[in-house]
Protein chains: 2
Amino acid sequence: MSDPQSGTGADDAAGLDAAELDTYFALMEAVSLLQHSVEQQLRAEGDLSYVQFQLLARLAAARGQLTMTELADGVVYSRSGLTYQAGLLEKRGLVTRATSPDDERGVTVTITDAGRALLGTVLPGHAEVIDQLLFERLSHKDAKALAALLAPVRDHMRSTPPRSATPRRRRT
Amino acid sequence: MSDPQSGTGADDAAGLDAAELDTYFALMEAVSLLQHSVEQQLRAEGDLSYVQFQLLARLAAARGQLTMTELADGVVYSRSGLTYQAGLLEKRGLVTRATSPDDERGVTVTITDAGRALLGTVLPGHAEVIDQLLFERLSHKDAKALAALLAPVRDHMRSTPPRSATPRRRRT
DNA sequence: TATTGTTATACTCTATAACTATA
DNA sequence: TATAGTTATAGAGTATAACAATA
């Protein structure tokens, strides 16, 4: 009831009670604010979008290289979107693209030293923003509780096919 | 440790431990997936972007009218962005704009019957997506716990000034 | 002078469809 | 035929700066 968006005329929005609406809107608003701050930081300190940051981070986490398809997973929702972003990163010398040795259709993306260096430059400030915005009002215990709640939700979302296939007719 | 992004080379990203990174990435990924699905639903069933949906929902929650500045709060990060979105809504007859009676500089935005009707059309499907993606793997108890964790975080974020003012020099 | 809102403009990003090449 | 990726292109959205009008 504390959120102004929870009283949208229909107090019960077909299956969601007020408490669930509160949860949903709190989640969306918090992440929206966090994402906005984080994107400002990344842009200011590394001239990176959040998507580009994610791509570099994934590559670094994957021992340096991934195929385009692997790289796209969860970050981008269209092939061409990734081609565009990877192109930008390549232009700046942060990654390299080369035909995969095992599958000639595939392209292997590799993070460069410059890419790793930029990631290193950007990470401290990134962590600082997250710390100040997300964790300032969250005890370590609460942070763990939050992760424990979100992990299964995220995993479920990952494995749930997009709703686009089921346009869901519901006209009154 | 379950998230591939948590091992970005530097296991401890200057102030954030691995558990906190997990929490952060889980939060961002879950909301990214949720937002994507939700936007597809809104676009398919009401030809609305999430921002436009928020604007209509806020107006409905506010007894029908708000000033542009009030409406912008938390939804949009620039004045012109709101003017653009409000213009689209007005073109479709979902809202009305008129000079505020008390302050001639201000513009009062009012949701129309068509706007309320569209909101009513879109809400059931919206709730369904949220239910299936967010609450399917969350007990009512856990949903409340999540809200309890997020509410103070959101409130803190709302009241924290954007980091843009402090460009945060950190060059090595 | 400060505030409210609009406009013009430039830019970033995304997505669809058509296309090439390999499996 | 199916899969991997690119390209062309078009459209949506955002942000900055200059502007007008009112407080």
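Just so you know, these numbers use all the heavy atoms, side chains as well, and skip hydrogens, waters and symmetry mates. Not measured: the values here are computed from a predicted model. Residue numbers begin at 1 in each chain, while the letters A, B, ... track the order of the sequences.
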Can you name the atoms? Protein N/O to nucleotides 16-20 of chain C N/O, anything below 3.5 Å, with the distance.
residue : atom : partner : partner atom : Å
C:dT16  : O4   : A:Ser80 : OG           : 2.5

Could you tell me whether the phosphate oxygens of [N], OP1 or OP2, come under 4.0 Å of any side-chain nitrogen or oxygen in [X]?
X	N	value
A:Ser49	C:dT12	no
B:Arg43	C:dA15	no
B:Gln52	D:dA12	no

Ignoring hydrogens and angles, write down the donor-acceptor pairs under 3.5 Å from the side chains of residues 136-148 of chain A, residues two or more places apart or on other chains.
residue  : atom : partner  : partner atom : Å
A:Ser139 : OG   : A:Lys141 : N            : 3.4
A:Ser139 : OG   : A:Asp142 : N            : 3.0

B:Leu66 CG to C:dT4 P, straight-line distance once rounded to whole Å: 14 Å

Has B:Thr99 got a side-chain atom pairing as donor or acceptor with B:Val107's backbone, closer than 3.5 angstrom? no

Could you identify which residues of residues 86-110 of chain B place a heavy atom less than 4.0 Å from some atom of DNA chain C, listed by residue number, or say none? B:Arg97, B:Arg105, B:Gly106, B:Val107

Side-chain atoms of residues 78-89 of chain A: list all donor-acceptor pairs with protein atoms under 3.5 Å, sequence neighbours left out, distances to 0.1 Å.
residue : atom : partner : partner atom : Å
A:Ser78 : OG   : A:Gly81 : N            : 3.2
A:Thr83 : OG1  : A:Arg79 : O            : 3.4
A:Gln85 : OE1  : A:Gln52 : NE2          : 2.8

Of all heavy-atom pairs between B:Leu150 and A:Ala26, which one has the smallest distance, and what is that distance? CB-CB, 4.2 Å

Let me confirm one number: the CG-NE2 distance from B:Asp131 to B:His126, rounded to the nearest 0.5 Å.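 One finds 11.5 Å between CG of B:Asp131 and NE2 of B:His126.
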
Nearest 0.5 Å please: distance from the OG atom of B:Ser100 over to the CG atom of B:Leu66.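 One finds 10.5 Å between OG of B:Ser100 and CG of B:Leu66.
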
Looking only at side-chain atoms of B:Val51, point me to the closest of C:dG5, D:dG5, D:dT14. D:dT14

List for me each residue that meets salt bridge (charged side-chain N to carboxylate O under 4.0 Å, His left out) alongside A:Arg97, sequence neighbours excluded, and say none if there are none.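 Once residues adjacent in sequence are excluded, the partners of A:Arg97 under the salt bridge (charged side-chain N to carboxylate O under 4.0 Å, His left out) criterion are A:Glu90.
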
List, one per line, each side-chain donor-acceptor pair under 3.5 Å for residues 110-117 of chain B, sequence neighbours excluded.
residue  : atom : partner  : partner atom : Å
B:Thr110 : OG1  : B:Gln65  : OE1          : 3.0
B:Thr112 : OG1  : B:Gly93  : O            : 2.6
B:Thr112 : OG1  : B:Leu94  : O            : 3.1
B:Thr112 : OG1  : B:Ala114 : N            : 3.3
B:Thr112 : OG1  : B:Gly115 : N            : 3.0

